[in-house]
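My questions will all concern the structure given below.
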Amino acid sequence: MSLLESKVLTFGGVPQPKLERCRAGIIPAPLEVTVTYGEGAAQGPLAIMSASANMELYDEVLGSSPVDQGIYTHYRVDTSGPVEACLDRIQAAVSAELDAGRLPVVLGGEHTVTVGALRAMKERFGTDFTVLVMDAHLDMRQDYEGERLSHATVMRRATEMGLAVRWVGARSCSREEAEFVARQGLEPMWAHETHADPNWLERALDGLSGPVYLSLDIDGLDSGIMPATGTPEPGGLSWQQATAWLDAVCARHQVLGLDMVELAPLAGQTAWDFTAARLLYRALGLIFRGAK
Ligand SMILES: [Mn+2]
């Protein structure tokens, strides 16, 4: 029995705060069905929660302790059975957070969980928000290995829902995906551009207005600082680039919800779990700080 099954680990290792005073609710969703290469994404939520208990809760960049704002950790979503049924349960969990006025924070699991979250977001907000994706992959395949609902098709499904999607850290896709996004007039911020263009951050958010949903695929980070993922890719975002992007996004836009997906912990190597936990904590702190 995993720790998540035996008890709820809270984010930051603090006593579970009173739900009514929390600004965010973490929804562990350890779905792992369509992973194609390295396995282990189902262990991502537990690894992030465990690592978070060892973080300094004071964020020296923000000058605050975001955990003081109230981060509630829900019991994990049941991710057994058919993917559609799992997505229904994730959607319901996200909707409950939105109804309660809390920020929904979904922890995957594979990237497919985002579809459930986005269905809840669309149900509440319509299509008046943009999906901002940190990811090595475009995830724009029409289907993958015969599946319409897969980690490799997530953003294609999002665009079919009528949602606007923008990427940072992109550096892996098929020719068909590249041609599809070009036809759609979509312009991913390729990782090589973030390294070459001093104005990449402005370009990444150029013309963007209104609220956003953040989907943080941990493989958007460079494989040197994040090898613990199913399909690690070289040439990705540095810690500084990823956090600068989060800072700019959160300073300019209301964040309606977020997810962090695809951490596949490596046995005995806690650095990557810790990196994911700190990135999530920084994101929460920046969101709590709010758009200026
Ligand atoms: Mn990815």
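Bear in mind that the values here come from a model prediction, so they are computed numbers and not experimental data. Both counts, for ligands and for their atoms, begin at 1 and track the order of listing.
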Tyr144 and His151 aromatic ring geometry - parallel, tilted or perpendicular at 30°/60° bounds =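 Ring orientation of His151 relative to Tyr144: perpendicular.
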Is the shortest distance from a Lys or Arg side-chain nitrogen in Arg124 or Asp99 to a carboxylate oxygen in the other one below 4.0 Å?
->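 Between Asp99 and Arg124 there is a salt bridge, with a charged N closer than 4.0 Å to a carboxylate O.
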Quick one: name the protein N/O/S atoms under 2.8 Å from the Mn ion (ligand 1), chain by chain.
->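 You should have found Asp135 OD1, His137 ND1, Asp217 OD2, Asp219 OD1, Asp219 OD2.
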In terms of the angle between their ring planes, are His192 and Trp190 parallel, tilted or perpendicular, with boundaries placed at 30° and 60°?
->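 Rings of His192 and Trp190: parallel, as their planes differ by under 30°.
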Just wondering, more than 12 heavy atoms not from Arg21 lying within 6.0 Å of its CZ?
->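 Above 12, so yes.
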Check the pair Leu205, Arg252 against side chain to side chain contact (heavy atoms under 4.5 Å, CB included), reporting the backbone distance first and the verdict last.
-> CA-CA 9 Å; Leu205 300 178; Arg252 300 176 199 185; 3.9 Å; yes
Go through the structure and list residues passing salt bridge (Lys or Arg N to Asp or Glu O under 4.0 Å) with Arg203, not counting sequence neighbours.
->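 Salt bridge (Lys or Arg N to Asp or Glu O under 4.0 Å) list for Arg203, sorted by chain: Glu193, Asp197.
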